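Down below is the structure, laid out as structure tokens.
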Amino acid sequence: MRVLNFGSLNIDYTYSLDHIVAPGETITSQHLEVFPGGKGLNQSVALARAGVPVCHAGQVGEDGGMLLQVCQESGVDTSRIRTVETRTGNAIIQVSAKGQNSIVLYPGANREQTQEYIDQVLEEFGPGDLVLLQNEINLVDYIIQRASQRGMTIALNPSPFDERMLACDLGLVDLFLLNEVEGAQITGHQNPEEILEEMKTRFPKAQVVLTLGKAGVCYQRGEIRLRHGIYQVPVVDTTAAGDTFTGFFLGSLLRGQPVEEALRLASVASSLAVSRKGASSSIPTWEEVQRADLTCQS
Ligand code: RIB
């Protein structure tokens with residue numbers, strides 16, 4: 001199975017602050033760092049560091065060279081990434097002393113994909129291949145439709161959730177990777193139990209991975225339900241924790257691990273990511289995850 005990740009590539013401007021700025025407040029950050037990021041890029045890097053070959057598709061501007069370089073250094077195939085005239089997408093990220101973040105996104109080139117470009121990329125993929133998607137690019141609905149017509153398996157992380165997600169034929173998705181907020185936005189339910197029940201009713205064939213913050217993660221396939229707890233680590237920066245989870249969960253499954261072990265490895269990987277600064281730069285390697293000696297809080 002080949003993996004195609006159609007996703008965003010962002011330059012992250014990360015400001016360290018005592019607390020996240022409140023409406024009307026002005027605060028000075030003593031620390032600005034520039035990191036490679038974007039949910040798409042982070043998930044490709046996580047897959048590659050989990051040891052799974054991944055081909056990334058998406059768009060950058062002329063200023064996106066460092067993003068291509070980071071992907072390549074991590075082993076991501078960047079040959080389908082297109083450089084366009086519009087500037088690269090960016091994110092203004094505030095990180096508080098407690099490691100919490102707040103993000104403003106400017107989509108730039110990420111949202112200027114055309115149907116022709118998408119068709120051209122998908123032409124090379126077909127039955128047995130998997131496409132991974134998030135919601136920081138345009139035409140996600142079109143990619144889902146065309147990938148399904150080509151017989152590809154579709155994995156969707158509907159993040160950041162907005163009304164464009166509701167325009168997608170979610171019935172074509174084989175694997176959802178989502179958090180409680182996104183689960184609530186799709187199903188209209190707040191309670192995790194009800195979210196999972198509604199997902200099962202509406203998308204009976206899909207696997208669902210629902211992350212629950214401090215309560216860990218829940219996996220559902222039909223009547224099968226599995227849970228995994230979180231690990232205790234010092235929280236430095238939560239940026240890309242979810243992306244790391246997604247990449248390592250998928251990567252572990254593709255490496256032939258059972259779902260229980262994929263949940264464990266993904267949880268370890270995302271815990272390591274929150275204990276480090278930055279987006280893709282915080283993502284551990286497969287070996288680091290294997291070596292990690294963390295205590296699970298179930
Ligand atoms: O999920 C983390 C990512 O969200 C950051 O890297 C930032 O670019 C935003 O897209």
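Ligands are counted one by one from 1 in listed order, and the atoms in each one are counted from 1 as well. Not measured: the values here are computed from a predicted model.
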Under the 6.0 Å and 45° cation-pi test, does Arg255 pair with Trp286?
yes
For ligand 1 and Lys39, I'd like to know whether there is a polar contact (N/O to N/O, distance under 3.5 Å).
yes
Within 45° cone of Tyr219 ring axis and under 6.0 Å: Arg227 NZ or CZ
no
Answer side chain, backbone, both or neither: which part of Leu41 comes under 4.0 Å from ligand 1, heavy atoms only.
neither
Numbered atoms and elements of ligand 1 in range of Asn42, under 4.0 angstrom, heavy atoms:
2 (C), 3 (C), 5 (C), 6 (O)
Ala279 heavy atoms within 4.0 Å reach ligand 1 at atoms 6 (O)
Here the atoms of ligand 1 under 4.0 Å from any heavy atom belonging to Gly37 are 6 (O), 8 (O)
When you check the gap from the basic side-chain N to the acidic O, do Glu124 and Arg80 get nearer than 4.0 Å?
yes
Proximal atoms of ligand 1 relative to Ala91 (non-hydrogen, under 4.0 Å)
7 (C), 8 (O)
Within a reach of under 6.0 Å around CZ of Arg111, are more than 12 heavy atoms found that belong to other residues, nucleotides or ligands?
yes
For ligand 1, which atoms sit closer than 4.0 Å to a heavy atom of Glu136?
4 (O), 9 (C), 10 (O)
Can you pull the side-chain hydrogen bond (donor to acceptor under 3.5 Å, both in side chains) pairs that have at least one residue in residues 12-23, sequence neighbours excluded?
His19-Glu25
Sidechain N-carboxylate O distance under 4.0 Å for Lys200, Glu194
no
Atoms of ligand 1 less than 4.0 Å from Ala240 heavy atoms?
2 (C)
Which residue supplies the protein heavy atom nearest to atom 2 (C) of ligand 1, what is that atom called, and how far is it?
Asp243 OD2, 3.3 Å
Does Asp119 come within less than 4.0 Å of Arg146, counting only side-chain N to carboxylate O?
yes
I'd like to check whether Gly38 has a polar contact with ligand 1, where a contact means an N/O of the residue lying under 3.5 Å from an N/O of the ligand.
yes
Quick check: are there more than 12 heavy atoms from other residues, nucleotides or ligands sitting under 6.0 Å from CD of Gln149?
yes
Among all protein non-hydrogen atoms, which one is nearest to atom 8 (O) of ligand 1, and what is the separation to 0.1 Å?
Asp12 OD1, 2.6 Å
